[in-house]
Structure formats: structure tokens, C-alpha cells
There are 2 protein chains.
Amino acid sequence: MSNLSTTSDDILACARSLIVAGGYNGFSYADIADVVGIRKASIHHHFPSKVDLVRTLVARYREEAEAGMANVELHESDPHEQLRIYAEYWEACIADASAPFCICALLASELPVLPEEVGLEVRAHFRSLSAWLTSVLERGARRGRFQLVSTPRAEAEAFMATVHGAMLSARAYGDPKVFGVVTGPLLERLAPRSLQIRP
Amino acid sequence: MSNLSTTSDDILACARSLIVAGGYNGFSYADIADVVGIRKASIHHHFPSKVDLVRTLVARYREEAEAGMANVELHESDPHEQLRIYAEYWEACIADASAPFCICALLASELPVLPEEVGLEVRAHFRSLSAWLTSVLERGARRGRFQLVSTPRAEAEAFMATVHGAMLSARAYGDPKVFGVVTGPLLERLAPRSLQIRP
DNA sequence: CCTTACCTACCTTCTGGTAGGACGGCAGTC
DNA sequence: GACTGCCGTCCTACCAGAAGGTAGGTAAGG
């Protein structure tokens, strides 16, 4: 159960960054082969088909996301701070261009032409992210930390949508700062000055 | 200056719906040929290269969007209503699945792998839409119609991002209603009850 | 000896794109 | 009106390269 070969990880990492750049149809096995320094056929040894590759890629991404959410829950109990950590995580990713887009958000945009197995993973991510955000908002509202204008669920969907849209705008403008410009006030709005617990 | 051949329009319309489904790399000339009932080579007669096709497609889309904004300005002077009309336009498009995604939003997600000429058109749309939204919000704030928590520009970017994200979520969940769930409160928030001019 | 990882060589199908011809309509012009 | 040349539209027939994928082999290592 240790890290067997790193090649398969290299392939996954490479595929991930290629998908972030151009989606499912935006890369080929040949592209990966070039970057990883391996032959096309060797990739098929690790991932028989492109669907296998992308499916396990998204599955792993989901695991990481899930772990990330659990980690936030573990180290920070304040709902408002939790959302801030989430937003700032993406802000950092976009700023240093390490992963300037959520893979699932990108793949979701091409859902109609995606292989079914991949599409299922993508949808699952949306559901799990939305569920977590809903729980955070609900807890925050219960504690009087947030001032919600609609249901926690609706606010969570709006929050998620805005974050995804902010990624898109940052990419469209070619300016990482746009992400912060959009998400900053988003957090402010949920917890107005009057509710801030600044000692 | 009359409508010469309708074939080139058919090609554009078909390409548009194919792009809405799967982006730039999600369709081929063969796909269009099948739908329009023409041979692949004939498409090259109208649009020498794929870049030509998509560039003129996006350029036309931008013209239509520009005309749409002008039309809203012409027939409705209330800023809040203007935004509502914009949001409800998309809500209708998504609900009847006629065009369940903004072409430029979709293409923006694959910007890094897009031909430069297409990318320029896409960016231009973002700028022009953002500029219009900014002007609407600014006017609304000046008239005391909106209650903005940050600059009109920032609010406009947030509004646009949320709408784009809402499209994405509607697609991810396979549920058109999600778009309304997200954008509804968005409008409410800008013009709170206390500012409503309901006689 | 068998498994794992990787290779070369090859296959089929699709990709965007080209060359050149067929056909019809529409000026001219005799 | 008939002939002629041209232009726009669409065709068949190609092409080179890229796509995802397969077959079968080699070398290393427990």
C-alpha cells in the first residue's frame, strides 16, 4: 500500500494540469507522453483507456477535496473562517497559476459530451461540495454568525456558483486578482460588520 | 444586402449548438456536415478554417449580445428591471434547453488552448458585458435603487460571475431550476425590500 | 518464473484541409 | 433568343497527421 511506481502519479499529475488548461478533449495521450517522457503505449499500461485515466483522476481529485473539507472542519471551527480558508485556497492556486481552475468545474462545462463515467464523478463533486457549504452556512446561521437572505442550501449554491464564476472571470481577464475582487465581498456580505467577532 | 444563402447561417447555428454542448474541441466539421446535410468540404467553402468559423460565430454572438443590451436599455429604464430581464433571458434559455450556456463563458474555460483570434473575441465579450453591468449598477446606485456593498465594477463582476456559475451548476445538476435558485436571491439582495418601488 | 514496466511497431478512425470538377444562374454580346 | 464566360455553391476524391488503442516483445527484479 506504499507508493509503488511514481510514473502513474506523474501521468495523473500531468493529465490534471492538461485538463485544467483545456478540458477533456483538450489533451491527448501523446501530449502526456511528451511531458512525462514515456511512450504513448506505456500510458495504456497504467490506464487502459482515456476514460479510465480521467475517471480515476477525478475520483482522486474528489478524495483530496473531501480530505480538504475534513481538514478545514478539524482545524477551524468558525464557519466564516472556514469559508475564508476555502476561498483563499483557490485564490492562492489561481495567483501562483499552479492549478488555476477546479477540474470538476471545468469538466462540468462540457458535461454533455463527457463519457458517462466521468460525468458521474463530476456531478458527485458538485453534490458533495454543495453539501459541505450548506452545512457550514447552516451552522453559521444557527450560531448567529451569518445573516442569510434565503435558505442555507440556496446560499450554498450561490456561493459555489460565484466561486466558479470568479475562476472563469479570472481566466477570461487573464488577471488572478479578479478572483479576490469577486469572492472578497462575497464573504463580507455573509457576515456583516455588525456580526464580526473582532475582539 | 439581403439574405443570400441560408447555408452559411445553418452552419453557424449548428456550430453554435455544438459548441454550447462541448466547447471548441468538442465538435468537428464532420459533425456539422451530418446535421446540416452537406459535405465536409462544402463547409470549407463558407469558412476556410475552423478558426474562421468559430471567430465569426463568436463575433456574431457578441453583436447579438450587444444588440440585446441596447434593446434592454431602450425598452426598460429601471436598472433593477434591466438586470431582471437579463437574468430571466438566460433562465428561459436554460429552461427550454435552447441554448443552455453562454458560448463565451464556455469558451473562456478553455481559453489556454483556444486559437488566439477566438480568445480575443471571448475576452472582448467579457469586457463589454462587464461594462454594461457596471453602468447599470452605477446608475441604479445613483438613483438609490440599489444598495451596493462595494464598487459598481466589483458588484458587476460578482453579478456576472454568479450568473456564469449558475449556468454551470444548472448543467452539473442537470436541473434548470438551479439557475433561478441562485440568480433570484442575487437580484433581491441588490434591491432590498426597503428600496422596492412597488406602488 | 512470473510479474511489472516499458518499449517498438502497427492499426483504425477521425481530424482539419486541399484539388479539381460538376452544375446552375446570370450577365453580356452578337 | 442563343452563345459564351464567369461566379457561387456544392460535390467526389484525396491527403497528412493526430486520435485512441492493440500486439507482441524485452529487460529488470523479487
Side-chain angles (χ1 to χ4, degrees), chain A residues 1-58 60 106-107 110 112-119 121, chain B residues 1-19 21-59 107 110 112-119 121:
Chain A
M1 201 60 180
S2 60
N3 66 326
L4 292 140
S5 79
T6 181
T7 307
S8 117
D9 293 336
D10 288 352
I11 294 169
L12 284 170
C14 175
R16 186 185 288 211
S17 69
L18 287 170
I19 288 181
V20 165
Y24 187 84
N25 291 308
F27 77 101
S28 74
Y29 268 37
D31 295 329
I32 299 175
D34 283 346
V35 176
V36 177
I38 209 179
R39 294 297 145 139
K40 234 179 42 165
S42 306
I43 304 175
H44 285 282
H45 170 71
H46 297 278
F47 306 96
S49 78
K50 195 179 182 180
V51 176
D52 289 313
L53 171 57
V54 179
R55 185 175 35 72
T56 64
L57 177 83
V58 178
R60 185 165 298 194
L106 212 161
L107 289 176
E110 7 181 52
V113 298
L114 237 46
E116 203 182 332
E117 300 170 64
V118 176
E121 292 286 342
Chain B
M1 199 60 179
S2 60
N3 66 327
L4 292 141
S5 80
T6 179
T7 307
S8 114
D9 293 336
D10 288 352
I11 294 169
L12 284 171
C14 175
R16 185 185 287 211
S17 69
L18 286 170
I19 288 181
Y24 187 85
N25 290 307
F27 78 102
S28 74
Y29 268 37
D31 296 328
I32 299 175
D34 283 346
V35 176
V36 177
I38 208 179
R39 293 299 145 136
K40 235 181 41 166
S42 306
I43 303 174
H44 284 282
H45 170 72
H46 297 278
F47 305 97
S49 79
K50 195 179 182 180
V51 176
D52 288 314
L53 170 58
V54 178
R55 186 175 34 72
T56 64
L57 177 83
V58 178
L107 290 175
E110 6 182 54
V113 298
L114 238 46
E116 203 181 331
E117 301 169 66
V118 176
E121 293 284 343

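Note on naming: letters A, B, ... go to the chains in the order of the sequence lines (proteins, then strands), and numbering restarts at 1 for each one.
The distance from atom CG of B:Asp10 to atom C1' of D:dC10 is 14 Å, rounded to the nearest whole Å. Summarising the geometry, the separation between CG on B:Asp34 and P on C:dG16 is reported as 12 Å, rounded to the nearest angstrom. Atoms NE2 (A:His44) and P (C:dT4) sit 19 Å apart, rounded to a whole Å. One can place CD1 of B:Ile32 at 11 Å from P of C:dG17, the figure rounded to the nearest angstrom. Atom pair A:Phe27:CZ and D:dA18:C1' shows a separation of 15 Å (rounding to whole Å applied). Look at CG on A:Asp52: it is 10 Å from P on D:dT22, rounded to the nearest Å. Per the geometry, CD1 belonging to A:Ile43 stands 13 Å off C1' belonging to C:dC7, to the nearest Å. Spacing between atom CD1 of A:Ile11 and atom C1' of D:dG20 amounts to 15 Å, rounded to whole angstrom units.
Side-chain N/O atoms of B:Lys50 and base N/O atoms of C:dG17 include no donor-acceptor pair closer than 3.5 Å.
For B:Ala41, taking side-chain heavy atoms from C-beta onward, the closest of the listed nucleotides C:dA19, C:dC7, C:dG16 is C:dA19. Taking the side chain of A:Asp31 as heavy atoms from C-beta on, and the options D:dC10, C:dG17, D:dA19, the nearest nucleotide is D:dA19. Here the nucleotide nearest the side chain of A:Tyr29, chosen from C:dG16, C:dA5, D:dG20, is D:dG20. Closest to the B:Arg39 side chain, of the nucleotides C:dG17, D:dT22, D:dT12, is D:dT12.
Between A:Tyr24 and A:Val51 there is a side-chain heavy-atom pair separated by less than 4.5 Å. Using a 4.5 Å heavy-atom threshold, the side chains of B:Leu53 and B:Leu12 count as touching.
The residue A:Ser28 sits close only to the backbone: its heavy atoms come under 4.0 Å of sugar-phosphate atoms, none of a base.
Nearest approach of B:Ile43 to B:Ala33, heavy atoms of both residues: CD1-N, 3.7 Å.
B:Thr56 places a side-chain N or O within donor-acceptor distance of the main-chain N or O of B:Asp52, the cut-off being under 3.5 Å.
Positionally, the nearest nucleotide of DNA chain C for A:His45 lies more toward the 5' end than for the other of A:His45 and B:Ala30.
For the OP1/OP2 pair of D:dT9 and a distance below 4.0 Å, the side-chain nitrogens and oxygens of B:Thr7 include no atom meeting the criterion. OP1 or OP2 of D:dC11 sits under 4.0 Å from a side-chain N or O of B:Ser42.
Residues B:Asp34 and B:Arg39 are not paired through a salt bridge, judged by the lack of any N-O separation under 4.0 Å between the basic side chain and the carboxylate.
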